[in-house]
2 protein chains.
Amino acid sequence: MNGEELSLREKILDTSRHFLFTKGYSSLSMRKIAKEIGVSATSIYLYFENKDHLVHTLIEESVEELSRAIEQSAAQKISTIDKFEAIIRAYVEFAMSYSEKYQVIYVMLSSEMSRYPKEKFRKARRGYALLESVIKKGIEEGLMELDEPQIAAYSIWAQLHGVISVVLNQRLDSKIDRNKFIEESIEHIVQGFLVRITTA
Amino acid sequence: MNGEELSLREKILDTSRHFLFTKGYSSLSMRKIAKEIGVSATSIYLYFENKDHLVHTLIEESVEELSRAIEQSAAQKISTIDKFEAIIRAYVEFAMSYSEKYQVIYVMLSSEMSRYPKEKFRKARRGYALLESVIKKGIEEGLMELDEPQIAAYSIWAQLHGVISVVLNQRLDSKIDRNKFIEESIEHIVQGFLVRITTA
DNA sequence: TAAGATTGGTTAACAGTGTTAACTTAACGA
DNA sequence: TCGTTAAGTTAACACTGTTAACCAATCTTA
């Protein structure tokens, strides 16, 4: 049945993602994945062309979910400034709630970049494009004052990724409260891009 | 002789780094490295405990060079603001001049994070610590206005890494001039952290 | 100078890897 | 009921990291 089909495929993806996350790429093995699920190693090849393809699917799937989360979150807001903040919050929210999926994107996409097909990569940038368009609108509306929206958008991703990395890799000073750190970072980032209103 | 010793070890490191960079981790093989150099695979084990250790040495070595470059560059400047900019420029300079070494740090450190010994990781943060201390001084001197120097320092690394990634992975729009992009990004980042002087 | 130890490599072997080809077995359609 | 398809299996191949045992120079030193 269709339910079963999907199930094994899904099991493979889940198990791979977990192994990738806990043991690192270098000890990700088709046989181990199969053994964990209780199936023969070659069964994986019924659903994925090869190991590369399996990992790429993992990335693609995560990117898709993240993009969707961002789009939905932005769609719920009306004003540009609310959209701007919503995108940022959706991104962080996703990273914290589905940390394994988030890590798959950044860990694997960087280490296996050269093997990842370029056309899939382009698709991966929906969320980025959305942020860029919101920033452009923000400039038009006089909310932001930036000469390069492209660079600004990239800079925001990078800042967010920095904050998230610190938290996910547990490199945060134990004295610092996690949620407070995240909240303050988001505010700092958002404020850093808005035109400062001088009450004079 | 010592010259010879160093030579093979160095050859192994160079070849590994290059393979890592061009083919990705998943096709980095001890036998291939050895073959490229013209030596037996087991010879590598005379210089490195195992594959993990080899890769970790690669990371450590790159981190060390980057840290040194940053420290030297900062030491040449006197004022806090010059030190601040010097650190940023040294970082970007290193990434552009030794892109393979730079990529080793960020690519491998993220994908094999869980296997990388924590105490080596702490050492890796000299450059980061230096930037943080410069920022603190900048706040004291009234050059910057920030509530969280730790977060600010991290944010700067992240922004820089973002800019560098775009350039190194050749994902920059072909119409945009590379050097101009870098220069404008640096200025944008630096200015973003300084107190805005209002000529009133 | 001869004997022993050290240095810097080698080859052979083992267990584990991705992947392919050929086989099985169950379910379904005619 | 026969043939086909689906979903899996086992056996095999070439390659992987790694270890153990070996070899040939070179250095030390009595």
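We name chains A, B, ... by the order of the sequence lines, and we start the count at 1 in each one. A quick note: this is a predicted structure, and the numbers were derived from the prediction, not measured.
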Here's one to test your reading of the geometry: is the NZ or CZ of A:Lys35 within 45 degrees of the ring axis of A:Phe19 and under 6.0 Å from its centre? no

So which of B:His188, B:Arg89, B:Arg178 actually passes side chain to side chain donor-acceptor pair (under 3.5 Å) with B:Glu183? B:Arg89

Parallel, tilted or perpendicular: ring planes of B:Trp157 versus B:Tyr128, cut at 30 and 60 degrees: tilted

Let me know the distance between CG of B:Asn50 and P of D:dT18, rounded to the nearest Å. 5 Å

Can you measure B:Phe48 atom CZ to D:dT19 atom P for me and round it to whole angstrom units? 15 Å

I need the NZ-P distance between A:Lys23 and C:dT17, as an integer number of Å. 12 Å

I'd like to know whether the aromatic ring centres of B:Tyr106 and A:Tyr106 sit less than 6.0 Å apart in this structure. no

Between A:Arg68 and A:Glu64, does at least one N-O distance fall below 4.0 Å, as a salt bridge requires? yes

Spacing of A:Lys51 atom NZ relative to C:dT20 atom P, expressed in whole Å: 14 Å

Sugar-phosphate only, base, or nothing, as touched by A:Lys35 at under 4.0 Å among non-hydrogen atoms: nothing

Taken to the nearest whole Å, CE/B:Met30 to P/C:dG16 is 18 Å

Between atom CZ in B:Arg9 and atom P in C:dG8, what is the gap in whole Å? 13 Å

How long is the line joining OH of B:Tyr25 and P of D:dG17, in whole Å? 8 Å

Specify the separation, in whole Å, of atom OH of B:Tyr45 and atom P of C:dA13. 18 Å

Considering every strand and a 4.0 Å limit on heavy-atom distances, what is the contact class for A:Leu28: base, sugar-phosphate, or nothing? sugar-phosphate

Reading nucleotides 8-13 of chain D from 5' to 3' and marking B where a protein heavy atom lies under 4.0 Å of the base, S where only the sugar-phosphate is that close, and - otherwise, the string is BBBBB-

Which class fits the ring pair B:Phe121 and B:Tyr116: parallel under 30°, tilted 30 to 60°, perpendicular over 60°? perpendicular

